[in-house]
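Inspection log for the structure reproduced underneath, given as structure tokens.
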Amino acid sequence: MEYNFKQIETKWQKEWADRKTYRVEVDSSRPKYYVLDMFPYPSGAGLHVGHPLGYIASDIYSRYKRLCGFNVLHPMGYDAFGLPAEQYAIQTGQHPAVTTEQNVNRYREQMDKIGFCYDWDREVRTCDPEYYKWTQWAFLKMYDHYYCNKAQKAVAIESLKAQFAAVGTEGLDAACTTPMTFTAEEWNSWDEDKKEQVLQNYRLAYRADTMVNWCAQLGTVLANDEVKDGLSVRGGFPVEQKRMKQWSLRVTAYAQRMLDGLEQLEWSDSLKEIQRNWIGRSVGAQVFFDVKDSERKLEIFTTRPDTIFGVTFMVIAPEHEWVEELTTAENKAAVEEYIEQTKKRSERERIAETRRVSGVATGSYAINPFTGKAIPIYISDYVLAGYGTGAIMAVPAHDSRDYAFARHFGLEIIPVVEGGNIEVESYDAKSGKMINSDFITGKDVTEAIPMMFEEVEKRGLGKKLINYRLRDAIFSRQRYWGEPFPVYYKGETSYPLPEDKLPLELPPIENFGPTEQGEPPLARVADWTFEGHALELSTMPGFAGSSAYYLRYMDPRNNEALVSKEANDYWRNVDLYVGGIEHATGHLMYSRFWNMFLYDLGYVCESEPFKKLVNQGMIQGRSNFVYRVVGTNKFVSLGLKKDYETQEIHVDVNIVKNDQLDLEAFRAWRPEFKDAEFILEDGKYVCGWAIEKMSKSMFNVVNPDNIVENYGADTLRMYEMFLGPLEQSKPWDTNGIDGVHKFLRKFWRLFFDREGNLTLTDEAATPAELKTLHKTIKKIREDIENFSFNTSISAFMICLNELGACHKRAVLEPLTILIAPFAPHIAEELWEVMGHSETIFDAAYPEYDEQHLVESAFEYPVMMNGKLRFKQNYPLAMTPAEIQADIVTTEGAQKWLEGKAPKKIIVVPGKIINIVM
RNA sequence: GCGGAUAUGGUGUAAUUGGUAGCCACGUCAGACUUAGGAUCUGAUGCCGAGAGGCGUGGGGGUUCGAGUCCCUUUAUCCGCACCA
């Protein structure tokens, strides 16, 4: 009987659904394990073979853990709010809810065919009001809290109000947009609106006038991680900097904790590094420079206070708030023109023109606090308004940008660190001997920096300060298809919706574009009000809904809380998270922030949401080409194309197998190829190929349905894993899929002969068979724990090769369980064939027995390149003499050493021995 | 510019973590069975060489009895950040 994968897979997928095999509940008698996939955005294109790569890996691990006795939570859902559905709605008028529903159904169908062990009773969709109620709830909580730097946690805003009323800002150390000082009397004298304005400076969810990334084509603002090289990540439209009133989340308050938290996470070093760079912590000094003929003190931030004796000028950003004030009358025209130019240049141009030196003098001077010298203040766009204080002290001798600027404007260059060639370029040294620097002359840079921190503080010039590159997250989008803000306005002042009014449901509309006045689509809703007051018109961004979804899976139908204490205490956090690296600075940052906040408030019991994280590589497309002889409808095979003048044409990879074109399918593919003729080599048409991004236009999109149809889900699952290491990006290539399919057929044939009779016997296994079996168990267990699924599949193949025609239950039964996480359908079927009535996933994963490995594992010494080599390990404590004595007692060694005097015995402690003859 | 990763046969990859480089598959070649093969089975297959033998993990150097693995250097490719003071 042949291996009929279609029948087997349909049967078991139905059985699993009917029996609810994968439903999980809180069960304190068993240890929990939480395996999570990054839930997909259900796009119109459906699933392609890249999506399931991570899903298959996590599915294998979930099934493995379950077989090892864990209570495994493995849920799935949909990240259903987002731009593409809305763009589609604008073009077609179809409501995003409708297209999303269609896409979700398609995704579900495709996923079901692959045989995943999700508990679908726990499915969530971010666009479901029952779900986004808790997104809105979390927002209100953030609105209601501020971050106290002393307590190192979020604290209720009420206690801040009480403090303001009692002592004002006295002794306050809180995360804020701009530092403020006022007294209790001042606070108490202000009206509600004014008080609220002040509180917005501290709330963790706040509304403020900020510089934002505005994308005109998308008609919305974007967060920093949604912009790349001055273009929107979605759509690739230009993005400009604009000052707008927007809701933001104060993620910067958690910068240090997010940095520290990385230490204990089992994430890849590269991912941690990406987050560290994104947070961008730098330790430096805040220093105030006196401005000549003025009361003002210009504040700068520097990481190199040791070079302060080399400061010969200062630079402020064109957006700096003192630009006007510092500009003298005679420089006014030049400055205004420069500012005007800067404004006109878009963000893209600024990036493209990196390293072009430009700037203008203000005419004002500052006083170097250490040398007392007057130094000119310039304006230049190489200083960014958004980082530090928007002003720098320039040390041309030791900073390449300052150097270029000084050279361009003919400014003085004073070296303060020995070395380099100041005539030619700056010497950006991080160590070396200080010179020309008064009391730190002769010290090393590394000593001088801490000395200067102290000195700056002692002289009252400033203090040591830590700066972060991380910016607060812009949280509003001028869009329709997202969570509405639970916020209404009286005039300009915002008020939170009462909690019992949640969810604030997204109202249905018909026209999804912005209004003529450029307002968000919600402005079209006639009664978008709360108790007669206008509701917020923008909606939340994509990352809002995905920030806490892993918590909701723990208790998805709870109407009283995001997650019950009981469920959260049991499931705690995600043990294994599998997904793409592209979320490194987006979702994975926001989720950690969101979780830490809820942790501060006591709603969750773990401060980090994702303990271990594995990034699966991207699957690229492998395109195929045919070569048309120019001016004809003849196509020449790859090997012969050099003899013709040809035109390369992308051909649908689904009609090419092993780079060989299916001629009939090609003629049927498109009308213009109906009469195509071919110049074949060896009777075949061989196509060319290239690795490209998977995309419709290159006809290289492979969707899993075809593979499942032709080879079955088990083959797809195993093949995707066999492709190479999980974390590596690789092109999709079906050239090797037959090998994996052949393996499954071979496995099937150990149970049945050609006539379909069961060939299973109850004979006892031989030592050799047991050795093979236990070797395989050991290897498979190790490989799964290391996420090395490609090598585990090799191990299965080796096992079958070694076993040959073995029909013994004693061997095949454990082997079937061993293979079940990888190929669940065939395993389940064979399990039933072997007479079990319960599902194979209630069995226990086999343990290996060292005994079978050791007994037959005696290693004889072998002669290699004139050396006698042993593979045996010896303990550290043994002396060479003892080892030699040990060697000559073994049978094989005696044979080798008979009558020979070894020149030397080389002992690497505990490892291996070479004997040079 | 800064940071991170990768480099092994015709191809995807493996290597007990410093110990016989190329496991397992694909492909190719040869053979068997076949009316047929995109079926099945057997064998060969890193390169050079008729052979003995030599060479071989991007290049160069080093440590070591021994290096794909460790160190230095260099090249190429990919990714992240980027005028971050």
Side-chain angles (χ1 to χ4, degrees), chain A residues 2 224 228-229 268-278 280-282 284-285 300-305 307 314-315 317 350-351 353-358 380-384 386-395 398-402 404-405 428 467-470 581-582 584-585 615 617-618 657-660 662 684 689 719 722-725 727-731 733-740 742-743 745-746 749 754 778-779 782 788 790-801 862-865 867 869-871 873 903-908 911-916:
Chain A
E2 270 305 294
N224 281 355
K228 226 192 128 190
D229 301 330
S268 72
D269 289 339
S270 60
L271 178 52
K272 286 187 190 179
E273 204 52 38
I274 290 173
Q275 289 213 340
R276 277 191 204 108
N277 289 342
W278 189 258
R281 179 185 201 260
S282 55
I300 59 100
F301 173 78
T302 179
T303 55
R304 295 294 302 276
T307 60
M314 319 252 325
V315 188
R350 265 176 90 155
I351 289 164
E353 288 173 16
T354 296
R355 312 228 172 263
R356 198 194 73 171
V357 180
S358 73
S380 174
D381 63 4
Y382 85 85
V383 173
L384 305 174
Y387 184 79
T389 60
I392 61 158
M393 60 176 218
V395 187
H398 304 293
D399 181 290
S400 56
R401 296 153 303 176
D402 297 347
F405 194 86
D428 301 15
N467 229 314
Y468 300 93
R469 202 188 68 93
L470 185 72
I581 189 111
E582 66 272 18
T585 55
N615 291 120
M618 215 139 31
K657 201 174 173 189
N658 291 347
D659 284 339
Q660 198 181 326
D662 181 333
K684 295 182 286 196
W689 59 272
Y719 186 60
F722 188 62
L723 226 40
E727 305 197 67
Q728 202 170 294
S729 283
K730 54 223 151 191
D733 177 350
T734 51
N735 281 347
I737 199 164
D738 290 323
V740 174
K742 216 186 284 182
F743 161 79
R745 280 209 305 257
K746 246 167 115 179
R749 244 182 277 125
R754 283 178 199 284
K778 187 175 182 210
K779 173 90 175 129
E782 281 168 5
S788 182
N790 54 329
T791 55
S792 29
I793 289 165
S794 294
F796 282 127
M797 290 173 174
I798 295 167
C799 179
L800 282 211
N801 288 348
V862 281
M863 195 67 171
M864 292 253 1
N865 304 331
K867 294 172 185 176
R869 272 198 63 222
F870 288 77
K871 290 204 115 181
N873 287 355
K903 282 194 192 122
K904 57 175 173 175
I905 296 183
I906 302 147
V907 181
V908 181
K911 277 284 172 189
I912 214 128
I913 295 150
N914 288 347
I915 300 179
V916 182

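Excluded from the calculations below are hydrogen atoms, water molecules and symmetry mates; all remaining heavy atoms, backbone and side chain alike, are included. Model, not experiment: these values are computed from the prediction. A note on names: the letters A, B, ... follow the listed sequences, proteins ahead of strands, and every chain is numbered from 1.
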Rounded to whole Å, please give me the gap between [atom1] in [X] and [atom2] in [N].
X       : N      : atom1 : atom2 : answer
I737(A) : G27(B) : CD1   : P     : 12 Å
D399(A) : G1(B)  : CG    : C1'   : 12 Å
K778(A) : U16(B) : NZ    : C1'   : 9 Å
K779(A) : U17(B) : NZ    : C1'   : 12 Å
R749(A) : A39(B) : CZ    : P     : 13 Å
R281(A) : C81(B) : CZ    : C1'   : 19 Å
I581(A) : C79(B) : CD1   : P     : 12 Å
Y387(A) : A82(B) : OH    : C1'   : 13 Å

Are any of R469(A)'s side-chain N or O atoms less than 4.0 Å away from OP1 or OP2 of A82(B)? yes
Hey, does the side chain of N790(A) come within less than 4.0 Å of A14(B)'s phosphate (OP1/OP2), counting only N and O? yes
Using a strict cut-off of less than 4.0 Å between a Lys/Arg side-chain nitrogen and an Asp/Glu carboxylate oxygen, indicate whether E273(A) and R276(A) qualify as a salt bridge. yes
Distance check, [atom1] atoms only: [N] and [M], in whole angstrom units.
N      : M      : atom1 : result
C48(B) : G56(B) : C1'   : 10 Å
C33(B) : G43(B) : C1'   : 15 Å
U73(B) : C26(B) : C1'   : 37 Å
U20(B) : G80(B) : C1'   : 41 Å
G12(B) : C2(B)  : P     : 31 Å
U42(B) : U57(B) : P     : 34 Å
G9(B)  : U63(B) : C1'   : 29 Å
A39(B) : U45(B) : P     : 23 Å

Main chain of [Y], side chain of [X]: is a donor-acceptor contact present, judged purely on distance under 3.5 Å?
X       : Y       : result
T303(A) : G284(A) : no
N277(A) : G280(A) : no
Q275(A) : A584(A) : yes

By nearest atom, which of the nucleotides [options] is closest to the [X] side chain?
X       : options                : answer
Y382(A) : C83(B), A15(B), A25(B) : C83(B)
V383(A) : A14(B), A85(B), C24(B) : A85(B)
F722(A) : A14(B), C81(B), G12(B) : G12(B)
K742(A) : A85(B), U40(B), A14(B) : U40(B)

Where does G49(B) land, syn or anti, once you apply the within-90°-of-0 test for syn? anti
Apply the syn/anti split at 90° from 0 to U20(B) and say which one it is. anti
Considering every strand and a 4.0 Å limit on heavy-atom distances, what is the contact class for [X]: base, sugar-phosphate, or nothing?
X       : answer
N801(A) : sugar-phosphate
R745(A) : sugar-phosphate
F743(A) : nothing
P731(A) : nothing

Hey, what are the protein-to-nucleotides 3-10 of chain B N/O distances that come in under 3.5 Å?
none

Minimum heavy-atom separation for [X] to [Y], with atom names?
X       : Y       : answer
M618(A) : S729(A) : N-OG, 3.0 Å
T307(A) : M393(A) : OG1-CE, 3.8 Å
V315(A) : Y382(A) : CG2-OH, 3.6 Å

Specify whether F743(A) and F796(A) have parallel, tilted or perpendicular ring planes, treating 30° as the upper limit for parallel and 60° as the lower limit for perpendicular. tilted
Across all strands, who's sitting opposite [N] as a Watson-Crick or G-U wobble pair, both distances under 3.5 Å?
N      : answer
U64(B) : none
A15(B) : none
A5(B)  : U77(B)
G56(B) : none
G37(B) : none
U45(B) : G27(B)

Taking the nucleotide of RNA chain B with the nearest heavy atom to each, does T585(A) or D402(A) sit closer to the 5' end? T585(A)
On RNA chain B, does the nearest nucleotide to L723(A) precede the nearest nucleotide to M393(A) from the 5' side, or the other way round? Give the residue. L723(A)
For residues T791(A) and S794(A), is any side-chain donor paired with an opposing acceptor at under 3.5 Å? no
With rounding to the nearest 0.5 angstrom, report the CZ to CD distance, R745(A) to E2(A). 6.5 Å
